[in-house]
Peer 1: 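One structure coming up, written as structure tokens, with questions to follow.
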Amino acid sequence: METSALYHRPESEYAYLYKDGHFHVRLRTKTGDVEEVELLSGDPYTLHSERWHHNGQSMRKVASTNIHDYWEIDTYEPTHRMSYGFHVIGKDGVEVFYSDQGVYPYHESYLTEANFYFRIPYIHSIDAFKAPDWVTKTIWYQIFPERFANGDKSNDPEGTLAWGSKEHPSRDDFFGGDLQGVLDNFDYLEELGINGIYFCPIFKATSNHKYDTIDYEEVDEAFGDKALFKAVVDEAHRRGIRIMIDAVFNHLGMDSPQWQDVLKNQENSQYRDWFHIHDFPVKSFAELTVEELEDVGGANYDTFAFTAHMPKLNTANHEVQEYLLGIAKYWIREFDIDAWRLDVANEVDHNFWKRFKKETTAIKEDIYILGEIWHSSPNWLKGDEFHAVMNYAFNDNIKNYFFNKLTSASRMVSGLNSQLMLYRKQTTEVAFNLLDSHDTARLLTKAGGDSDLAKTALTFMFAQIGSPCIYYGTEIGMTGFDDPDCRKCMIWDKKEQDLSMLEFTKELIAFRKEYQEFITYGEVIWHDVRDDEQVVGFKRILGDEELVFYFNQDEESFELDGLPERSLSIFSQGAIRDGNTVSIEQNGFYIYKSVLVDAHKKDKIAAKRARARRRFNPTTLDSIKEGNTDPIEV
């Protein structure tokens, strides 16, 4: 046994309160190295009196990567105190006691040492990671306001182009999209089936994307006003749709009054400490074009990336904190938004985000806080900052298998599991999953124009734990390379829409809604992953039922035999079922539901016993003799 691979850390994603009465404990081991793991646990004050170290509980292998296996158990201690260690049995027959003090022989002399055990001094419900339950049921739709729909031409900026008049828009183009355009199209959104809208920034700003904020307290006049935004929120809520808006608290725009004051008054500016200024005088880059501002190569102040028009805010400054937190609370209190999406969240200090979480949830307990982070993010997802991040690190595994062809099926599964094991389960339940956005190439473009491939990858993502998001236009087959090409005008002419993709997306959303509990809470088992055949099969088990998924990426059809007789076809593409066999073509998938075999047997036995009781019950016989044929409870 490779004992150096054993790993556990108390009060982390390896040991946490999932919900009241359910404490999850995990252990990491080397892949394929361990035969069995038992949790030895009990109240720290009763180790010797109750000798609970003799009553190990079997742990279940819940995930595997190409490096590690992960074991887990759902347990609890009625006294809310827990000491625990692990009895690990290797496939080579070696048995060890893994404890807070390291690895020891599995021997009574070590098992009875109280200080060897890991310790949870007291399980406090208030310390548990809590996320809004409504997010698990949400299918998001991301809207880039300037490009969704132009509902009011009177607020079009000067130089606005005709809608969709450029096949490949540039960074400084305006087409007149606004909030009225969203309000006018709620019927379309509701018919699509989504129940959450994620808006890119709506605040007053210079650019078309609005990530260079001028004033956080005002809706940009090209989008409408605050009264119109309130109408959008109210109408969304009336239809059961949640609203998330985008906040850029990492930086301001160079046209903001605070930065303009710095440029005017230099070291005498009241806002000099609001930013990270290296020295004076601070240089103005106002004469540069939009393209030139994207990369100035460096300035004498910190910026987002090398964009001179986005000076970075000093969120360690108390005045900045109070200003930004006031903004966050204002939009919750006055407009009843349901969620904040936080731009460039990983470049803002943790201290600020801890205050942000505490003060926003004090106003609205079930507010959803989503951070824009593109990499693994355990330090932001401990429960005191964000509920979730934009789950690029997880979904990159899907992209690299289905689109980029960089990884095998098993390596994709390894990557997905590796990401899932970084977080508590309640964190993964509200993860924000996406395959395209305003910052990436569009789904169909990533799929090389192959709509079947786009559909199967999207379905695979919808089948993963978390809250899925569709980027506007993906549902009608819009294309586009990286920013700014991915920010084209929404196509409203049905003759130019991919109506097949639209109907498929509606069906996919309906499927996700119907089987949300399976996907969110079901036990996942990757039972049939075949690298040589490019087939991925997995199942989600909930209660006595299982939902089984198969995806085929090989150019030859895949024959799946031996389907359970009572299994029900749920959702498919490029798949033909004949009796208990299904043929799945390339880029096809097949999803079916069945009752577990053991459950079948249990039901049959129960039915037989019930029939036997009815047959031999004296009351039944007497009733029959009297001619009473009504059902009798037994």
Side-chain angles (χ1 to χ4, degrees), residues 140-192 194 196-215 218-236 239 241 243-246 253 290 335 337 436-439 442 469-480 483-499 501-502 505:
W140 295 98
Y141 187 84
Q142 182 187 357
I143 291 178
F144 192 83
E146 220 281 320
R147 304 292 162 79
F148 183 65
N150 188 345
D152 182 2
K153 293 184 181 297
S154 69
N155 60 18
D156 289 359
E158 184 179 351
T160 294
L161 303 173
W163 192 258
S165 58
K166 286 183 72 173
E167 183 179 0
H168 301 287
S170 57
R171 293 191 185 279
D172 54 356
D173 289 335
F174 287 86
F175 292 92
D178 50 35
L179 292 173
Q180 187 62 49
V182 177
L183 194 60
D184 292 344
N185 286 287
F186 263 115
D187 285 347
Y188 170 83
L189 295 172
E190 186 173 23
E191 185 180 338
L192 184 61
I194 60 94
I197 296 175
Y198 153 35
F199 282 108
C200 287
I202 61 170
F203 306 134
K204 184 176 181 180
T206 305
S207 67
N208 54 34
H209 54 69
K210 309 303 176 190
Y211 284 98
D212 53 340
T213 313
I214 293 175
D215 189 347
E218 294 296 331
V219 170
D220 192 275
E221 60 186 16
F223 291 165
D225 56 25
K226 289 190 280 192
L228 178 57
F229 178 66
K230 186 66 166 67
V232 168
V233 176
D234 290 345
E235 181 61 20
R239 295 173 184 253
I241 297 173
I243 294 294
M244 175 162 62
I245 60 175
D246 208 331
V290 171
F335 299 91
I337 62 168
D436 57 353
S437 74
H438 67 292
D439 282 329
R442 284 187 169 273
C469 181
I470 296 170
Y471 186 40
Y472 81 95
T474 289
E475 76 278 11
I476 56 168
M478 285 180 59
T479 60
D483 161 31
D485 198 50
C486 56
R487 302 171 181 181
K488 296 177 181 179
C489 294
M490 176 69 173
I491 298 172
W492 291 107
D493 185 344
K494 289 189 176 181
K495 293 191 293 293
E496 297 182 29
Q497 295 178 344
D498 183 342
L499 298 180
M501 183 71 177
L502 179 59
T505 305

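Just so we're clear, the structure is a prediction, and the values are computed from it rather than from any experiment. Any value given below was found using the heavy atoms of this structure, including those in side chains, with hydrogens, waters and symmetry copies removed.
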Peer 1: Taking C-beta and beyond as the side chain, do Val232 and Phe199 meet within less than 4.5 Å on heavy atoms?
Peer 2: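 Of all side-chain heavy-atom pairs linking Phe199 with Val232, at least one is under 4.5 Å.
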Peer 1: So, using salt bridge (charged side-chain N to carboxylate O under 4.0 Å, His left out) as the criterion, who are the partners of Asp178 when residues are at least two apart?
Peer 2: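 Asp178 satisfies salt bridge (charged side-chain N to carboxylate O under 4.0 Å, His left out) with no other residue.
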Peer 1: Which atom pair, heavy atoms only, marks the closest approach of Gly164 to Cys489?
Peer 2: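 Heavy-atom minimum between the residues: N-SG, 3.4 Å.
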Peer 1: Does the Asn208 side chain pair with the main chain of Asp173, one donor and one acceptor, at a distance under 3.5 Å?
Peer 2: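 Confirmed, Asn208 side chain pairs with Asp173 backbone.
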Peer 1: Just verifying a value: how many Å separate Met490 CE and Arg147 CZ, rounded to the nearest 0.5 Å?
Peer 2: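 That separation rounds to 14.0 Å.
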Peer 1: Enter the distance from Tyr472:OH to Arg442:CZ here, rounded to the nearest 0.5 Å.
Peer 2: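 If I round to the nearest 0.5 Å, the distance is 5.0 Å.
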Peer 1: How close do Tyr141 and Gly473 get, heavy atom to heavy atom, and via which atoms?
Peer 2: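 Smallest heavy-atom distance, with atoms named: OH-N, 3.6 Å.
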Peer 1: Which heavy atom in Phe223 sits nearest to a heavy atom in Pro201, and how many Å separate them?
Peer 2: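 Answer, listing the atom of Phe223 first, then Pro201: CE1-O, 3.6 Å.
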Peer 1: For Gln142 versus Asp436, what's the shortest heavy-atom pair and its separation?
Peer 2: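 Looks like OE1-O, 4.4 Å.
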Peer 1: May I ask you to test the Asp187-Arg239 pair for a side-chain heavy-atom distance under 4.5 Å?
Peer 2: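 The answer is yes; the side chains approach within 4.5 Å.
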Peer 1: Counting N and O atoms only, with roles assigned by atom type, does the side chain of Asp212 sit under 3.5 Å from a partner on the main chain of Ser207, one being a donor and the other an acceptor?
Peer 2: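 The answer is yes, because a donor-acceptor pair under 3.5 Å joins these two groups.
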Peer 1: Would you mind reporting whether Ile470 and Thr505 have side-chain heavy atoms less than 4.5 Å apart?
Peer 2: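 Yes, close enough: below the 4.5 Å cut-off.
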Peer 1: To the nearest 0.5 Å, what is the distance between CG on Asn185 and CG on Leu192?
Peer 2: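 CG of Leu192 is found 11.5 Å from CG of Asn185.
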Peer 1: Show the numbers, then the answer: is there a side-chain contact (heavy atoms from CB on, under 4.5 Å) between Phe335 and Ile245?
Peer 2: CA-CA 11 Å; Phe335 299 91; Ile245 60 175; over 6 Å; no
Peer 1: I need the minimum non-hydrogen distance between Ile197 and Leu189, along with the two atoms involved.
Peer 2: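 Result for this residue pair: CD1-CD1, 3.8 Å.
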Peer 1: Return the CZ to CG distance between Phe148 and Leu179, rounded to the nearest 0.5 Å.
Peer 2: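 Atom-to-atom, Phe148:CZ and Leu179:CG are 11.5 Å apart.
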Peer 1: Where do Asp246 and Tyr211 land on the side-chain contact (heavy atoms from CB on, under 4.5 Å) test, with the steps shown first?
Peer 2: CA-CA 9 Å; Asp246 208 331; Tyr211 284 98; 2.6 Å; yes
Peer 1: Restricting to side-chain hydrogen bond (donor to acceptor under 3.5 Å, both in side chains), what partner residues turn up for Lys153, sequence neighbours left out?
Peer 2: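 For Lys153, no residue satisfies side-chain hydrogen bond (donor to acceptor under 3.5 Å, both in side chains) once neighbours in sequence are set aside.
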Peer 1: With sequence neighbours excluded, tell me which residues meet side-chain hydrogen bond (donor to acceptor under 3.5 Å, both in side chains) with Asp225.
Peer 2: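 None.
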Peer 1: So, taking the atom named OH in Tyr188 and the one named CH2 in Trp492, what distance separates them when rounded to the nearest 0.5 Å?
Peer 2: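 Nearest 0.5 Å value for the OH-CH2 distance: 5.5 Å.
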Peer 1: Evaluate the side-chain contact (heavy atoms from CB on, under 4.5 Å) criterion for residues Arg171 and His209: first the C-alpha distance (whole Å), next the side-chain angles of each, then the deciding distance (0.1 Å), finally the verdict.
Peer 2: CA-CA 9 Å; Arg171 293 191 185 279; His209 54 69; over 6 Å; no
Peer 1: So which heavy atom on Phe174 is nearest to which on Lys210, and how close?
Peer 2: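 That would be CE2-NZ, 4.2 Å.
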Peer 1: Using a strict 4.0 Å threshold on nitrogen-to-oxygen distance, state whether Lys226 and Glu218 make a salt bridge.
Peer 2: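 Salt bridge present between Lys226 and Glu218.
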Peer 1: Could you give me the CA-CA distance, side-chain angles and deciding distance for Glu235 and Val182, then say whether side-chain contact (heavy atoms from CB on, under 4.5 Å) is met?
Peer 2: CA-CA 10 Å; Glu235 181 61 20; Val182 177; over 6 Å; no
Peer 1: Please tell me if the side chains of Arg487 and Asp439 come closer than 4.5 Å, counting only heavy atoms from C-beta onward.
Peer 2: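 Side-chain contact under 4.5 Å: yes.
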Peer 1: Are more than 12 heavy atoms from other residues, nucleotides or ligands located less than 6.0 Å from atom NZ of Lys488?
Peer 2: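 For Lys488, atom NZ is crowded (more than 12 foreign heavy atoms under 6.0 Å).
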Peer 1: Say you draw a straight line from CZ of Phe175 to CG of Leu161; how long is it, rounded to the nearest 0.5 Å?
Peer 2: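 Nearest 0.5 Å value for the CZ-CG distance: 5.0 Å.
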